[in-house]
Amino acid sequence: MKKVLRIVLIIVGFVVVGLLGFVSFVAVRGIPTYDPPVVQEMTIEATPARLERGAKIAQMHCIACHADADNRLTGRHMNDLPSLFGTVYSMNITQDKIVGIGNWTDGELLHFLRTGVRKNGTFAGIMPKFATMSDEDLQSVVVWLRSDAAPVQASGKEALPSEFSLFTKLLANTVIKPLPYPEKPIVIPDSTDEVAFGRYVADGLGTCYACHSADFTKQNPLNPELSAGYYGGGNEMKTPDGKPIFTSNLTFDEETGIGKKYTKAQFIQAVKACVRPDGSLIRSPMFPHQMTDYEVGAIYEYLKTVPKIKNDVADKEKEALASN
Ligand code: HEC
Ligand code: HEC
C-alpha cells in the first residue's frame with residue numbers, strides 16, 4: 001500500500017510541477033503569434049446595397065464594441081466583459097493609416113474577421129470571429145469600413161493597450177485558437193425556409209448565441225449549436241454600472257425560457273427596441289438590433305426548434321447580487 005501511495009504522490013508532484021511550469025510559460029509568452037497568413041487578395045466592389053447592409057451589420061457588431069463616446073470607431077474600454085479577462089480595450093478601426101486600418105487590404109480585413117489573425121501573424125483572442133457569416137454580408141461590412149460614413153473617418157486617437165489577465169492568456173494558449181479561413185463560399189439560406197434562414201440570422205449574422213449561451217469560453221464558432229448551453233443563457237456579463245447581469249434563456253422552456261413569455265410580435269419588439277411585453281426595458285449589454293421584422297421573426301421560429309434548457313437566470317442574478 002505504502003509503495004502505491006508513494007508512486008501516486010510522485011506522479012501528483014510531477015503533474016503539479018508541470019502545471020506550474022506551463023502557467024509560468026504562458027504568463028511570459030502571453031497571447032501566441034502564428035505564422036503570417038497567406039491572404040487571398042481581392043477587391044470588393046462597393047455597391048449601394050452592400051453599403052446599406054454593411055452599415056446595419058456594423059451597428060450590431062463593430063459599433064457596439066469599437067465606438068468611443070463620439071461614435072467614432074477609435075476603440076473603447078470593454079467594461080461589459082467580466083473582469084476575469086483583464087482590462088480589455090478594443091482598437092482604432094477608423095481609416096487612419098497609422099493607428100487605424102487605412103492600410104489594410106480588403107483581403108486582410110476579411111481574413112482577420114474570419115480567423116482572428118492579422119497579416120503579421122498576431123492573434124486577436126477576445127475579438128469575436130465571424131466564422132459563419134455569409135461572404136456577401138462580411139464583404140458588405142468591409143465596404144462600410146471603407147465608406148464615407150462618419151464613424152470610420154480617419155482619427156488618430158488610440159485606445160489604451162489591453163492588459164490581458166493570466167486567465168485570458170491561458171485560454172489563448174489552450175482553447176481559443178485562430179479559426180480556419182473557409183474553403184467554400186458561405187451563402188445566406190433561402191429566406192422562404194424560415195427556420196434555416198432564422199438559424200443564419202441568429203448564429204451567422206447576429207451571433208446571438210455568443211452572449212446567450214452558457215459561457216464565452218465554451219463556444220464553438222464553427223458549429224455554434226455545439227456551444228455549451230446553446231441559447232440557454234446564464235453567461236455572466238456586466239451592466240454599465242458594473243453589476244453582474246446574466247444573459248437570458250432564449251430556449252422555449254416554458255418556465256425559465258421564452259416559451260410562454262413572448263409571442264412572435266412581442267419578441268420582434270424586444271429584439272428591435274429592447275422592450276419586454278410588460279413594458280420593462282431590457283438592459284445593456286443587450287442592445288436594439290437593426291433587423292427587419294422578417295429577420296427577427298425567423299429567429300423566433302428557429303429558437304422553437306432549439307433543444308429546451310431549464311436555466312433560471314433571474315435566480316442567478318438574485319444570488320450574485322446578494323453575495324456582492
Ligand atoms: C465583442 C467586442 C467586439 C466586436 C463585436 C468587434 N470587435 Fe474588433 N476588436 C475587439 C477587441 C477587444 C480588439 C482587440 C484585439 C483583441 O484583443 O482581441 C479588436 C480588434 C479589431 C481589429 C484589429 C485592429 C488592429 O489594428 O490590429 C480589427 C480590424 C477589428 N477589431 C475590426 C472589427 C470589425 C470590422 C467588427 C465588426 C464586424 C468588429 N471588430 C467587432 C472587440 C470587438
Ligand atoms: C452583447 C451580448 C448580447 C448579444 C449579442 C445579444 N444579447 Fe440578447 N440579451 C443580453 C443580455 C445581457 C440580456 C439580459 C438583459 C436583462 O436582463 O435586462 C439579453 C436579453 C434578451 C432578451 C430578453 C429576454 C427576456 O427574458 O425577457 C431577448 C428577447 C434577447 N436578448 C434576444 C437577443 C437576440 C435575438 C439576439 C441576436 C439578434 C441577442 N439577444 C443578442 C445580451 C446580448
Side-chain angles (χ1 to χ4, degrees), residues 31 54 57-67 73 75-78 80-81 85-86 88-94 96 98-104 108-113 116 118-120 122-130 133 137-138 140-142 144-145 152 158-159 161-162 164 168 172 176 198 201-203 205-212 216 231 233-239 244-250 256-258 261-262 266-272 274-278 280-291 295-296 298-300 302-303 313-314 317:
I31 310 278
I57 301 172
Q59 182 269 341
M60 283 189 274
H61 297 294
C62 331
I63 294 181
C65 280
H66 284 271
L73 303 195
R76 68 166 174 94
H77 180 203
M78 306 289 320
D80 40 3
L81 273 184
F85 291 100
V88 179
Y89 293 87
S90 55
M91 301 175 81
N92 183 324
I93 58 166
T94 71
D96 188 90
I98 298 161
V99 301
I101 55 172
N103 274 335
W104 293 42
E108 285 162 3
L109 277 168
L110 279 183
H111 193 95
F112 176 80
L113 293 171
R118 297 181 184 86
K119 62 178 157 184
N120 63 3
T122 55
F123 176 54
I126 296 279
M127 155 105 182
K129 285 115 210 131
F130 300 94
M133 193 180 281
D137 280 345
L138 208 55
S140 298
V141 172
V142 173
W144 181 81
L145 289 169
V152 289
E158 244 182 315
S162 296
F164 296 113
T168 299
I176 300 188
V201 178
D203 290 352
L205 176 63
T207 54
C208 316
Y209 81 93
C211 286
H212 283 280
F216 283 120
Y231 285 115
N235 195 359
E236 184 172 353
M237 296 190 75
K238 279 201 283 186
T239 60
I245 181 170
F246 296 86
T247 60
S248 311
N249 182 345
L250 298 186
T256 63
I258 61 167
K261 213 166 160 187
Y262 283 92
Q266 288 167 338
F267 183 79
I268 293 172
Q269 162 165 294
V271 175
K272 289 179 69 172
C274 277
V275 180
R276 286 197 180 84
D278 66 5
S280 65
L281 289 184
I282 303 173
R283 295 162 297 166
S284 174
M286 179 64 189
F287 56 91
H289 285 70
Q290 276 182 26
M291 290 178 163
E295 284 171 332
V296 183
I299 298 180
Y300 185 83
Y302 172 61
L303 289 171
V313 173
E317 183 170 329

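Read the numbers this way: they start at 1 and go in the same order the structure lists the ligands and their atoms. Just so it is clear, the structure is predicted and the values come from calculations on it, not from any experiment. Below, all heavy atoms of this structure are taken into account, side chains as well, without hydrogens, waters or symmetry copies.
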If you count the atoms of ligand 1 from 1 in the order shown, which ones are under 4.0 Å from a heavy atom of [X]?
X      : result
Met91  : 14 (C), 24 (C), 25 (C), 26 (O), 27 (O)
Phe130 : 38 (C)
Met78  : 2 (C)
Ala124 : 15 (C), 16 (C), 18 (O)
Leu145 : 35 (C)
Gly125 : 18 (O)

[X] side chain to [Y] backbone, donor-acceptor under 3.5 Å:
X      : Y      : answer
Ser90  : Arg76  : yes
His66  : Ala64  : no
Lys272 : Ala270 : no
Gln59  : Pro288 : yes
Lys129 : Ala124 : yes

Per-atom contacts of ligand 2 with Ile245, taking only distances under 4.0 Å to non-hydrogen atoms: 15 (C), 16 (C), 17 (O)

Relative to the heavy atoms of His289, which atoms of ligand 2 are at a distance of less than 4.0 Å? 37 (C), 38 (C), 39 (C), 41 (C)

Distance to 0.1 Å, residue and atom name: give those for the protein heavy atom nearest to [atom].
atom                    : answer
atom 29 (C) of ligand 2 : Phe267 CE1, 3.7 Å
atom 37 (C) of ligand 1 : Cys62 SG, 1.9 Å
atom 12 (C) of ligand 2 : Thr247 CG2, 3.7 Å
atom 11 (C) of ligand 1 : Ser90 CA, 3.7 Å
atom 26 (O) of ligand 2 : Lys261 NZ, 2.7 Å
atom 2 (C) of ligand 1  : Cys65 SG, 2.0 Å
atom 31 (N) of ligand 2 : His212 NE2, 2.9 Å
atom 28 (C) of ligand 2 : Leu250 CD2, 3.7 Å
atom 24 (C) of ligand 2 : Ser248 OG, 3.3 Å
atom 34 (C) of ligand 2 : Cys208 SG, 3.6 Å

How far does OG1 of Thr256 sit from CG of Asn249, to the nearest 0.5 angstrom? 4.5 Å

Measure the CE-CE distance between Met78 and Met127 for me, rounded to the nearest 0.5 Å. 10.0 Å

Could you check whether any side-chain heavy atom of [X] comes within less than 4.5 Å of a side-chain heavy atom of [Y], counting everything from C-beta outward?
X      : Y      : value
Ile31  : Thr168 : yes
Phe164 : Ile126 : yes
Ile101 : Met91  : no
Met133 : Ile57  : yes
Asp80  : Ser284 : no

Yes or no on side chain to side chain contact (heavy atoms under 4.5 Å, CB included) for Val275 and Leu281, after CA distance, side-chain angles and deciding distance? CA-CA 5 Å; Val275 180; Leu281 289 184; 4.0 Å; yes

Check the orientation of Tyr300 and Phe267. Use parallel for under 30°, tilted for 30 to 60°, and perpendicular for over 60°. tilted

Heteroatom proximity flag, Tyr262 to ligand 2, N/O under 3.5 Å: yes

Kindly confirm or rule out an N or O of Arg283 lying under 3.5 angstrom from an N or O of ligand 2. yes

N/O/S atom of His66 inside 2.8 Å of atom 8 (Fe) of ligand 1, strictly under: yes

Yes or no: does Ala64 have any heavy atom under 4.0 Å from an atom of ligand 1? no

Report the part of [X] (side chain from C-beta onward, or backbone N, CA, C, O) that has a heavy atom under 4.0 Å from ligand 1; answer both or neither where that applies.
X      : value
Pro128 : side chain
Ile57  : neither
Val88  : side chain
Ile126 : both
Tyr89  : backbone
Ile31  : neither

Between [options], flag the one that comes closest to [atom] by a heavy atom.
atom                    : options                        : value
atom 3 (C) of ligand 2  : Pro277, Cys211, Ala270, Ser284 : Cys211
atom 15 (C) of ligand 2 : Ile282, Val313, Val201         : Ile282
atom 16 (C) of ligand 2 : Glu317, Arg276, Lys238, Lys272 : Arg276
atom 23 (C) of ligand 1 : Trp144, Phe112, Phe164, Phe123 : Phe112

Would you say Met286 has an N, O or S atom lying under 2.8 Å from atom 8 (Fe) of ligand 2? yes

Side-chain donor-acceptor pair under 3.5 Å between Tyr231 and Asp203, yes or no? yes

Does a donor on one side chain sit under 3.5 Å from an acceptor on the other, for Thr94 and Asp96? no

Kindly indicate, with the supporting measurements, whether the criterion side chain to side chain contact (heavy atoms under 4.5 Å, CB included) is fulfilled by Glu236 and Phe216. CA-CA 9 Å; Glu236 184 172 353; Phe216 283 120; over 6 Å; no

Can you find a non-hydrogen atom of Pro285 under 4.0 Å from ligand 2? yes

Shortest non-hydrogen contact from Ile93 to Val152? O-CG1, 4.4 Å

Nearest non-hydrogen partners of Lys238 and Pro285, listed with the distance: O-CD, 3.6 Å

Before you tell me yes or no, could you show the steps for His111 and Lys119 under side chain to side chain contact (heavy atoms under 4.5 Å, CB included), namely the whole-Å CA-CA distance, both residues' side-chain angles and the distance that decides it to 0.1 Å? CA-CA 8 Å; His111 193 95; Lys119 62 178 157 184; over 6 Å; no

Could an N or O of ligand 1 be found under 3.5 Å from any N or O of Arg118, whether backbone or side chain? yes

Below 3.5 Å, N or O to N or O, backbone or side chain included: is there any such pair between Met127 and ligand 1? yes

